[in-house]
Amino acid sequence: MYDIYIEEFNLSNSLEIEHFLSPFEIELEDDVEHTLVARIEGKIVGTCSSSGNIIKSIAVRCTCGNTGIGSKLVTQMMNHLFDRGIYDVFVFTKKTNTEIFKELGFREIVSSDKVVLMENGRIGIDEYVKKMFVKSGLGNGRKASIVMNCNPVTRGHLNLIRKASEENNEVVVFIVEEDKSIFSFETRIDLVRKCTKELKNVHVISGGRYIISSNTFPAYFLREEEKSSQYMEIDLQVFGKYIGPVFNIDKRYVGSEPYCNMTQSYNEGMKKILPEQGMEIIVVERHAINGIAISASMVRKKIREDRTEDIKDLVCNEVYIYLASKEAEETIKRIKESDFLH
Amino acid sequence: MKILKPAKAGTLESSDIYITVYPNDGEGINIKLESIVMKQFGSQIKKVITETLGELDVENVDVVAVDKGALDCTIKARVEAAVRRSSL
């Protein structure tokens, strides 16, 4: 019996680990914060990494047989995360690893044909979504839905919301909660609420941790070209399987996407996956002014170029007021300094 | 004893049990158990956890237990360690 050593891996020298991972067709992602390796006689025999509350890039050399290397690695990783106050852990892994993680106390949320998303938190997705629904105060009637980031909300977003509002009894607008956009989540949702307050059948709520969050939508281990389609599928499966039934959603509205490839293929994925869960997809032509479709990135571009007057045509009055306020100074500074994707 | 913060004890290795305890707001004792010997020993494991919590005067706690075939004495030790860590 060999001795197995588990140790932290210094990511500044990632060549050794990449070499180990390549036969598994797994990559070490850029957002990995912490990596553990298991060694026998100095050689790497297994590894796993973490990014936020997600464990990924997991591989164990199979010639080591049933030596429990995987469970040792995952235990240590969970301890590491626990000590940093991360108690609810998700794992993104190949579908073939599902059983291994079940034995380690994880539950399957959804899977695509290649990958599976699992969780081990105290509150599972079922309970979480039910709580979300109760908190929203919504009734049991049929609803249309829209998922938006709104960074910041534009007349284009409002046009889409208005159309859904006209065509349905009730509309739920989920705002992406993940704070990875230039405008903070609080600001984004607040501005959407202000701009839609006239529309009485529109309810604006937080998307929570299962709608386009880094849990359901991470950049993970599959090779680039496959990557986006796989994680989009996971995100959409979660929406169709868990969010839709609890909120009684039968439609999802979406704006056509002339600019961003990722959003475009997300829309394509939507048309494929959500109807399988009994949801109708309604694509609304993106709102255009003088033939140019409005987007939030256009608004940010104008801010960057100090052309605040032009913004008036792109956003509703509440957003314009906000941008002129003292509160917005920090945000505007951030916009000028960087170029975020979404 | 009062559960003040999340704490854990144990490992996911064979013959051990991984116990995590979390505070809750006066909701009593809730145990979520997963075990490789659920059918044969599920209720016995829960009993040992509940008794150990009783001995430590813990009234409100969420327990998540992932069992790998631990003996009663192991379960007891892991529960006690987790509770003591959480009340530090």
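Chain letters run A, B, ... following the sequence lines, proteins first and then strands; every chain starts at 1. Quick caveat: nothing in here was measured; it's all calculated off a predicted structure.
- For the pair A:E119 and A:R107, the minimum side-chain heavy-atom distance is below 4.5 Å.
- Here NZ of A:K241 is found 12.5 Å from OH of A:Y210. Values are rounded to the nearest 0.5 Å.
- Only the side chain of B:T20 comes within contact range of chain A, with at least one heavy atom under 4.5 Å from a heavy atom of that chain.
- For A:E103, the parts sitting under 4.5 Å from any heavy atom of chain B are the backbone and the side chain alike.
- Between the NZ atom in B:K46 and the OG atom in B:S35 there is a gap of 10.5 Å [rounded to 0.5 Å].
- Both the backbone and the side chain of B:K8 come within less than 4.5 Å of a heavy atom of chain A.
- When all heavy atoms of A:G52 and A:L81 are compared, the closest pair comes out as O-CD2, 3.7 Å.
- B:I36 does not touch chain A: none of its heavy atoms, backbone or side chain, sits under 4.5 Å away.
- When the candidates A:G105, A:S71, A:G85 are compared by the number of heavy-atom contacts under 4.5 Å with chain B, A:G105 comes out ahead.
- Only the side chain of B:K68 comes within less than 4.5 Å of a heavy atom in chain A; its backbone stays farther off.
- The closest side-chain heavy-atom distance from A:I243 to A:F174 is below 4.5 Å.
- Here B:A7 is the residue among B:A7, B:A65, B:G10 with the most heavy-atom pairs under 4.5 Å with chain A.
- Using a 4.0 Å cut-off between charged side-chain N and carboxylate O, A:K72 and B:E13 make a salt bridge.
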